[in-house]
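Hydrogens, waters and symmetry mates play no part in the numbers below; they use all other heavy atoms, side chains included. What you see is a predicted model, and the numbers here were worked out from it, not measured in a lab.
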Amino acid sequence: VTGEFSAIADLRRLLAGPCAEGEIWIGDDAAVLQPYPGAWTLLAADTLVAGVHADLALTGLDDMGWKAMVASLSDIAAMGGHAGHALVTVATPPGTDLEMLYSGLAEASREYRCPIVGGDLTSSTELVVTVAVTGWCSGRPVLRNGASPGDSIWMAGRLGASAAGLRLLRGGGGTESDLARAHARPRPLLDAGRAARSAGASAMIDVSDGLLADLSHICEESAVGFRLTQVPAAEGATSQEALRGGEDFALVFCVADRAALADAFDGLPPPVELGECSSDPSERLVDGVTVDTAGWEHHW
Ligand SMILES: [Mg+2]
(Lines give C-alpha, C1' and ligand atoms only; values in the text may rest on other atoms or scores of the structure.)
Protein backbone atom coordinates (compact mmCIF):
# COMPACT_ATOMS: atom_id res chain seq x y z
CA VAL A 1 0.00 0.00 0.00
CA THR A 2 1.32 3.40 -0.95
CA GLY A 3 0.25 6.66 0.65
CA GLU A 4 -0.57 9.72 -1.36
CA PHE A 5 2.32 11.82 -0.06
CA SER A 6 5.06 9.22 -0.58
CA ALA A 7 3.63 8.54 -4.05
CA ILE A 8 3.82 12.25 -4.85
CA ALA A 9 7.45 12.30 -3.67
CA ASP A 10 8.27 9.33 -5.97
CA LEU A 11 6.50 10.87 -8.95
CA ARG A 12 8.17 14.20 -8.34
CA ARG A 13 11.55 12.50 -8.86
CA LEU A 14 10.28 10.91 -12.07
CA LEU A 15 8.73 14.03 -13.58
CA ALA A 16 10.61 17.08 -12.49
CA GLY A 17 13.62 18.03 -14.49
CA PRO A 18 15.68 20.96 -13.33
CA CYS A 19 13.07 23.54 -12.40
CA ALA A 20 13.47 26.90 -14.11
CA GLU A 21 14.98 29.62 -11.95
CA GLY A 22 12.36 31.36 -9.84
CA GLU A 23 9.67 28.76 -10.61
CA ILE A 24 8.05 26.04 -8.46
CA TRP A 25 6.91 22.98 -10.39
CA ILE A 26 5.65 20.36 -7.92
CA GLY A 27 5.07 20.36 -4.20
CA ASP A 28 3.25 23.57 -3.31
CA ASP A 29 -0.46 24.42 -3.45
CA ALA A 30 -0.04 25.65 -7.00
CA ALA A 31 2.81 25.55 -9.50
CA VAL A 32 4.48 28.93 -9.99
CA LEU A 33 5.64 29.90 -13.48
CA GLN A 34 7.41 33.06 -14.56
CA PRO A 35 6.46 33.83 -18.17
CA TYR A 36 8.62 36.94 -17.92
CA PRO A 37 10.48 38.61 -15.06
CA GLY A 38 8.12 40.21 -12.55
CA ALA A 39 5.09 38.12 -13.59
CA TRP A 40 3.90 35.12 -11.64
CA THR A 41 1.46 32.63 -13.20
CA LEU A 42 -0.15 30.00 -10.95
CA LEU A 43 -1.46 26.58 -12.05
CA ALA A 44 -3.47 24.16 -9.91
CA ALA A 45 -5.78 21.19 -10.47
CA ASP A 46 -8.03 19.14 -8.24
CA THR A 47 -10.13 16.04 -8.83
CA LEU A 48 -13.31 14.97 -7.05
CA VAL A 49 -14.54 11.39 -7.39
CA ALA A 50 -18.13 10.53 -6.51
CA GLY A 51 -18.12 8.12 -3.58
CA VAL A 52 -14.61 9.20 -2.50
CA HIS A 53 -14.80 12.99 -2.15
CA ALA A 54 -18.52 13.49 -2.50
CA ASP A 55 -21.37 11.38 -1.15
CA LEU A 56 -24.16 12.10 -3.60
CA ALA A 57 -26.70 10.65 -1.17
CA LEU A 58 -25.92 13.60 1.12
CA THR A 59 -25.03 16.48 -1.20
CA GLY A 60 -26.23 17.41 -4.67
CA LEU A 61 -24.47 17.15 -8.00
CA ASP A 62 -24.50 20.95 -8.15
CA ASP A 63 -22.67 20.99 -4.81
CA MET A 64 -20.07 18.56 -6.19
CA GLY A 65 -19.52 20.90 -9.14
CA TRP A 66 -19.21 23.91 -6.85
CA LYS A 67 -16.77 22.11 -4.57
CA ALA A 68 -14.55 20.94 -7.44
CA MET A 69 -14.14 24.55 -8.57
CA VAL A 70 -13.56 25.79 -5.02
CA ALA A 71 -10.91 23.17 -4.23
CA SER A 72 -8.76 24.46 -7.09
CA LEU A 73 -9.44 28.13 -6.37
CA SER A 74 -8.45 27.56 -2.75
CA ASP A 75 -5.01 26.48 -3.93
CA ILE A 76 -4.71 29.81 -5.76
CA ALA A 77 -5.83 31.56 -2.55
CA ALA A 78 -3.10 29.72 -0.63
CA MET A 79 -0.46 31.37 -2.85
CA GLY A 80 -1.93 34.84 -2.31
CA GLY A 81 -3.11 34.95 -5.91
CA HIS A 82 -5.97 36.11 -8.10
CA ALA A 83 -8.16 33.60 -9.98
CA GLY A 84 -7.63 33.41 -13.73
CA HIS A 85 -9.41 30.84 -15.92
CA ALA A 86 -10.57 27.24 -15.55
CA LEU A 87 -10.64 24.02 -17.58
CA VAL A 88 -13.23 21.46 -16.47
CA THR A 89 -12.97 17.77 -17.32
CA VAL A 90 -15.82 15.43 -16.43
CA ALA A 91 -15.86 11.64 -16.79
CA THR A 92 -19.37 10.41 -16.21
CA PRO A 93 -21.57 7.31 -16.18
CA PRO A 94 -24.59 7.45 -18.49
CA GLY A 95 -27.65 9.09 -16.97
CA THR A 96 -25.80 11.65 -14.85
CA ASP A 97 -27.62 14.98 -14.64
CA LEU A 98 -24.87 17.02 -16.27
CA GLU A 99 -26.94 20.19 -16.23
CA MET A 100 -27.12 19.97 -12.44
CA LEU A 101 -23.39 19.29 -12.14
CA TYR A 102 -22.41 22.13 -14.47
CA SER A 103 -24.82 24.56 -12.80
CA GLY A 104 -22.75 24.26 -9.60
CA LEU A 105 -19.51 24.67 -11.56
CA ALA A 106 -20.94 27.73 -13.31
CA GLU A 107 -22.15 29.30 -10.05
CA ALA A 108 -18.69 29.08 -8.46
CA SER A 109 -17.12 30.28 -11.71
CA ARG A 110 -19.31 33.42 -11.66
CA GLU A 111 -18.97 34.02 -7.93
CA TYR A 112 -15.17 33.97 -8.04
CA ARG A 113 -14.76 35.45 -11.53
CA CYS A 114 -12.94 32.44 -12.91
CA PRO A 115 -14.45 31.78 -16.36
CA ILE A 116 -14.58 28.18 -17.57
CA VAL A 117 -12.91 28.36 -20.97
CA GLY A 118 -12.64 24.70 -21.98
CA GLY A 119 -12.20 21.14 -20.86
CA ASP A 120 -13.39 17.68 -21.80
CA LEU A 121 -16.39 15.42 -21.34
CA THR A 122 -16.02 11.65 -21.47
CA SER A 123 -17.76 8.50 -20.27
CA SER A 124 -16.74 6.43 -17.26
CA THR A 125 -18.11 4.00 -14.70
CA GLU A 126 -17.66 6.58 -11.91
CA LEU A 127 -18.32 10.30 -11.90
CA VAL A 128 -14.99 12.17 -11.83
CA VAL A 129 -14.71 15.95 -11.97
CA THR A 130 -11.36 17.66 -12.51
CA VAL A 131 -10.93 21.42 -12.43
CA ALA A 132 -7.65 22.99 -13.50
CA VAL A 133 -7.25 26.70 -12.88
CA THR A 134 -4.79 29.41 -13.69
CA GLY A 135 -4.11 32.30 -11.39
CA TRP A 136 -1.69 35.15 -11.08
CA CYS A 137 0.13 37.16 -8.47
CA SER A 138 1.09 40.80 -8.61
CA GLY A 139 4.18 39.99 -6.52
CA ARG A 140 6.07 36.95 -5.30
CA PRO A 141 3.59 34.16 -4.30
CA VAL A 142 3.61 32.78 -0.75
CA LEU A 143 5.14 29.28 -0.66
CA ARG A 144 5.09 26.60 2.03
CA ASN A 145 8.80 26.77 2.71
CA GLY A 146 9.40 30.28 4.05
CA ALA A 147 8.47 29.96 7.74
CA SER A 148 11.16 30.53 10.39
CA PRO A 149 11.32 29.68 14.10
CA GLY A 150 9.54 32.40 16.06
CA ASP A 151 7.08 33.28 13.26
CA SER A 152 3.52 33.48 14.56
CA ILE A 153 0.92 31.16 13.01
CA TRP A 154 -2.46 32.54 11.91
CA MET A 155 -5.70 31.20 10.49
CA ALA A 156 -8.27 32.91 8.27
CA GLY A 157 -11.70 31.29 7.90
CA ARG A 158 -13.30 28.62 10.06
CA LEU A 159 -12.09 25.23 11.26
CA GLY A 160 -14.22 22.10 11.59
CA ALA A 161 -17.34 23.49 9.93
CA SER A 162 -17.27 21.15 6.94
CA ALA A 163 -16.62 18.05 9.05
CA ALA A 164 -19.36 19.04 11.49
CA GLY A 165 -21.75 19.63 8.58
CA LEU A 166 -20.97 16.19 7.18
CA ARG A 167 -21.60 14.68 10.62
CA LEU A 168 -25.02 16.37 10.75
CA LEU A 169 -25.91 15.23 7.23
CA ARG A 170 -24.85 11.64 7.99
CA GLY A 171 -27.06 11.77 11.07
CA GLY A 172 -29.98 12.53 8.79
CA GLY A 173 -30.53 16.12 9.89
CA GLY A 174 -29.36 19.68 9.66
CA THR A 175 -29.61 20.00 5.91
CA GLU A 176 -30.54 23.68 6.23
CA SER A 177 -27.89 24.42 8.87
CA ASP A 178 -24.96 26.75 8.47
CA LEU A 179 -22.61 23.79 9.01
CA ALA A 180 -24.22 21.63 6.31
CA ARG A 181 -23.94 24.63 4.01
CA ALA A 182 -20.24 24.92 4.91
CA HIS A 183 -19.85 21.29 3.85
CA ALA A 184 -21.84 21.59 0.61
CA ARG A 185 -20.69 25.05 -0.43
CA PRO A 186 -17.24 25.84 1.00
CA ARG A 187 -15.66 29.15 0.00
CA PRO A 188 -12.13 29.80 -1.27
CA LEU A 189 -10.57 32.67 0.72
CA LEU A 190 -8.98 34.54 -2.16
CA ASP A 191 -9.25 37.95 -0.45
CA ALA A 192 -7.70 36.65 2.78
CA GLY A 193 -4.89 34.95 0.85
CA ARG A 194 -3.98 38.19 -0.88
CA ALA A 195 -4.20 40.06 2.43
CA ALA A 196 -1.79 37.57 4.04
CA ARG A 197 0.59 37.93 1.12
CA SER A 198 0.54 41.72 1.30
CA ALA A 199 1.12 41.53 5.07
CA GLY A 200 4.36 39.66 4.33
CA ALA A 201 3.29 36.07 5.11
CA SER A 202 6.37 33.83 5.17
CA ALA A 203 4.46 30.61 4.37
CA MET A 204 0.85 29.65 3.65
CA ILE A 205 -1.34 26.61 2.88
CA ASP A 206 -5.07 25.95 2.60
CA VAL A 207 -6.75 23.50 4.96
CA SER A 208 -7.99 20.75 2.66
CA ASP A 209 -6.86 17.67 4.61
CA GLY A 210 -7.14 19.03 8.18
CA LEU A 211 -5.35 21.79 10.11
CA LEU A 212 -2.71 19.57 11.73
CA ALA A 213 -1.94 17.68 8.51
CA ASP A 214 -1.71 20.81 6.37
CA LEU A 215 0.26 22.85 8.90
CA SER A 216 2.68 19.89 9.02
CA HIS A 217 3.33 20.39 5.30
CA ILE A 218 4.49 23.94 6.07
CA CYS A 219 6.69 22.53 8.85
CA GLU A 220 8.24 19.87 6.60
CA GLU A 221 8.96 22.35 3.82
CA SER A 222 10.20 25.11 6.17
CA ALA A 223 12.06 22.84 8.66
CA VAL A 224 10.23 24.27 11.66
CA GLY A 225 7.94 22.77 14.31
CA PHE A 226 4.73 24.20 15.73
CA ARG A 227 3.33 25.07 19.15
CA LEU A 228 -0.38 25.86 18.99
CA THR A 229 -1.98 27.54 21.97
CA GLN A 230 -5.53 28.00 20.67
CA VAL A 231 -7.49 26.36 17.87
CA PRO A 232 -10.97 27.85 17.73
CA ALA A 233 -13.64 25.50 16.37
CA ALA A 234 -16.49 26.81 14.21
CA GLU A 235 -19.69 27.10 16.25
CA GLY A 236 -21.20 23.61 16.49
CA ALA A 237 -17.96 21.82 15.56
CA THR A 238 -15.89 19.75 18.00
CA SER A 239 -12.25 20.49 18.80
CA GLN A 240 -11.23 17.29 16.96
CA GLU A 241 -13.17 18.44 13.90
CA ALA A 242 -11.32 21.77 14.10
CA LEU A 243 -7.92 20.05 14.36
CA ARG A 244 -8.48 17.26 11.82
CA GLY A 245 -11.53 18.04 9.69
CA GLY A 246 -10.84 18.49 5.98
CA GLU A 247 -12.34 20.66 3.27
CA ASP A 248 -12.77 23.83 5.31
CA PHE A 249 -10.51 25.67 2.89
CA ALA A 250 -9.41 27.97 5.69
CA LEU A 251 -5.95 29.45 5.19
CA VAL A 252 -3.09 28.95 7.62
CA PHE A 253 -0.13 31.28 7.33
CA CYS A 254 2.95 32.40 9.22
CA VAL A 255 4.33 35.90 9.69
CA ALA A 256 7.59 37.14 11.17
CA ASP A 257 6.15 40.56 11.94
CA ARG A 258 2.45 40.97 12.72
CA ALA A 259 2.49 44.77 12.36
CA ALA A 260 1.03 44.79 8.83
CA LEU A 261 -1.79 42.31 9.49
CA ALA A 262 -4.44 44.75 10.73
CA ASP A 263 -4.14 47.02 7.69
CA ALA A 264 -3.94 44.14 5.23
CA PHE A 265 -7.11 42.52 6.63
CA ASP A 266 -9.02 45.81 6.84
CA GLY A 267 -12.59 45.06 5.74
CA LEU A 268 -12.10 41.27 6.09
CA PRO A 269 -12.74 39.03 9.10
CA PRO A 270 -9.57 39.36 11.21
CA PRO A 271 -7.28 36.32 11.21
CA VAL A 272 -6.86 34.37 14.45
CA GLU A 273 -3.47 33.68 16.02
CA LEU A 274 -3.01 29.95 16.66
CA GLY A 275 0.54 29.77 18.00
CA GLU A 276 4.11 29.95 16.77
CA CYS A 277 6.74 28.13 14.77
CA SER A 278 9.52 26.50 16.79
CA SER A 279 13.08 25.56 15.90
CA ASP A 280 12.67 21.79 16.44
CA PRO A 281 11.34 20.48 13.09
CA SER A 282 9.83 17.43 14.78
CA GLU A 283 7.85 19.41 17.36
CA ARG A 284 4.03 19.17 16.98
CA LEU A 285 2.41 20.63 20.11
CA VAL A 286 -1.17 21.64 20.84
CA ASP A 287 -1.60 23.11 24.33
CA GLY A 288 1.74 21.59 25.29
CA VAL A 289 0.76 18.06 24.22
CA THR A 290 2.37 16.24 21.27
CA VAL A 291 -0.23 15.42 18.63
CA ASP A 292 -0.48 12.95 15.79
CA THR A 293 -0.79 14.99 12.61
CA ALA A 294 -2.11 12.38 10.20
CA GLY A 295 -4.95 13.79 8.13
CA TRP A 296 -6.94 12.66 5.15
CA GLU A 297 -4.68 10.75 2.77
CA HIS A 298 -5.55 8.47 -0.11
CA HIS A 299 -3.99 4.99 -0.17
CA TRP A 300 -3.79 2.45 -2.97
MG1 LIG B 1 -3.79 23.11 -1.06
Residue pairs fulfilling ring-ring contact (aromatic ring centres under 6.0 Å, His included) with at least one residue in residues 188-212, sequence neighbours excluded: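 Residue pairs with at least one partner in residues 188-212: there are none.
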D63/K67 under side-chain contact (heavy atoms from CB on, under 4.5 Å): CA gap, chis, key distance, verdict: CA-CA 6 Å; D63 297 330; K67 205 186 274 193; over 6 Å; no
Sequence neighbours excluded, every pair satisfying side-chain hydrogen bond (donor to acceptor under 3.5 Å, both in side chains) that has a member inside [range]:
range: residues 117-133; answer: T47-T130
range: residues 26-43; answer: D29-R144
range: residues 157-171; answer: R158-D178, S162-H183, R167-E241

Answer yes or no: is there a side-chain heavy-atom contact under 4.5 Å between [X] and [Y]?
X: H53; Y: M64; value: no
X: T59; Y: W66; value: no
X: V32; Y: L143; value: yes
X: R12; Y: W25; value: no
X: C277; Y: P149; value: no

Determine the minimum heavy-atom distance between [X] and [Y], stating which atoms define it.
X: E283; Y: L285; value: OE2-CD1, 3.6 Å
X: A182; Y: A161; value: CB-CB, 3.7 Å
X: A192; Y: A156; value: CB-CB, 3.9 Å
X: A264; Y: S198; value: CB-OG, 3.6 Å
X: R197; Y: R140; value: CD-O, 3.5 Å
X: A44; Y: D75; value: CB-CB, 3.9 Å

For E235, side-chain contact (heavy atoms from CB on, under 4.5 Å) partners two or more places apart: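 By the side-chain contact (heavy atoms from CB on, under 4.5 Å) rule, E235 matches no residue at all.
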Residues in side-chain contact (heavy atoms from CB on, under 4.5 Å) contact with L168, at least two apart in sequence or another chain: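 Result, side-chain contact (heavy atoms from CB on, under 4.5 Å) vs L168: S177, L179.
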Between [X] and [Y], is there shared hydrophobic-cluster membership here, with clusters defined by ILVMFWY side-chain heavy atoms closer than 4.5 Å?
X: L56; Y: L105; value: yes
X: V90; Y: I116; value: yes
X: M100; Y: Y102; value: yes
X: V88; Y: Y112; value: yes

Donor-acceptor pair between S152 and E276 side chains, under 3.5 angstrom: no
Any donor-acceptor N or O pair under 3.5 Å, side chains S202, D151: yes
Residue list, salt bridge (charged side-chain N to carboxylate O under 4.0 Å, His left out) with D287, at least two apart or on another chain: none
Residue list, salt bridge (charged side-chain N to carboxylate O under 4.0 Å, His left out) with D46, at least two apart or on another chain: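 Checked D46 against salt bridge (charged side-chain N to carboxylate O under 4.0 Å, His left out); zero matches.
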To the nearest 0.5 Å, how far apart are [atom1] in [X] and [atom2] in [Y]?
X: H217; Y: N145; atom1: NE2; atom2: CG; result: 14.0 Å
X: L121; Y: T96; atom1: CG; atom2: OG1; result: 9.5 Å
X: E4; Y: I8; atom1: CD; atom2: CD1; result: 5.0 Å
X: R13; Y: I26; atom1: CZ; atom2: CD1; result: 11.5 Å
X: C114; Y: I76; atom1: SG; atom2: CD1; result: 8.0 Å
X: L101; Y: L127; atom1: CG; atom2: CG; result: 6.0 Å

Which residues end up grouped with [X] if you chain together Ile, Leu, Val, Met, Phe, Trp and Tyr wherever their side-chain heavy atoms are less than 4.5 Å apart?
X: V231; result: I153, M155, L159, I205, V207, L211, L212, L215, I218, F226, L228, L243, V252, V272, L274, V286, V291
X: L169; result: L58, L166
X: V117; result: L87
X: V142; result: W154, L189, M204, L251, F253, V255, L261, F265, L268

N/O donor-acceptor pair under 3.5 Å between D206 side chain and S208 backbone: no
Steps toward salt bridge (charged side-chain N to carboxylate O under 4.0 Å, His left out) verdict (R185, D62): CA-CA 10 Å; R185 296 282 170 131; D62 51 345; 3.4 Å; yes
Intermediate values then yes/no, side-chain contact (heavy atoms from CB on, under 4.5 Å), S216 and R284: CA-CA 8 Å; S216 291; R284 303 282 186 270; 3.3 Å; yes
Stepwise side-chain contact (heavy atoms from CB on, under 4.5 Å) test for V224 and S278: CA-CA 6 Å; V224 297; S278 64; 6.0 Å; no
Identified side-chain contact (heavy atoms from CB on, under 4.5 Å) partner of D214 from the options D209, D248, T293: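 It is D209, the one option of D209, D248, T293 that forms the side-chain contact (heavy atoms from CB on, under 4.5 Å) with D214.
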L42 vs W136, side-chain contact (heavy atoms from CB on, under 4.5 Å): CA-CA, chis, key distance, verdict: CA-CA 5 Å; L42 308 172; W136 56 275; 5.8 Å; no
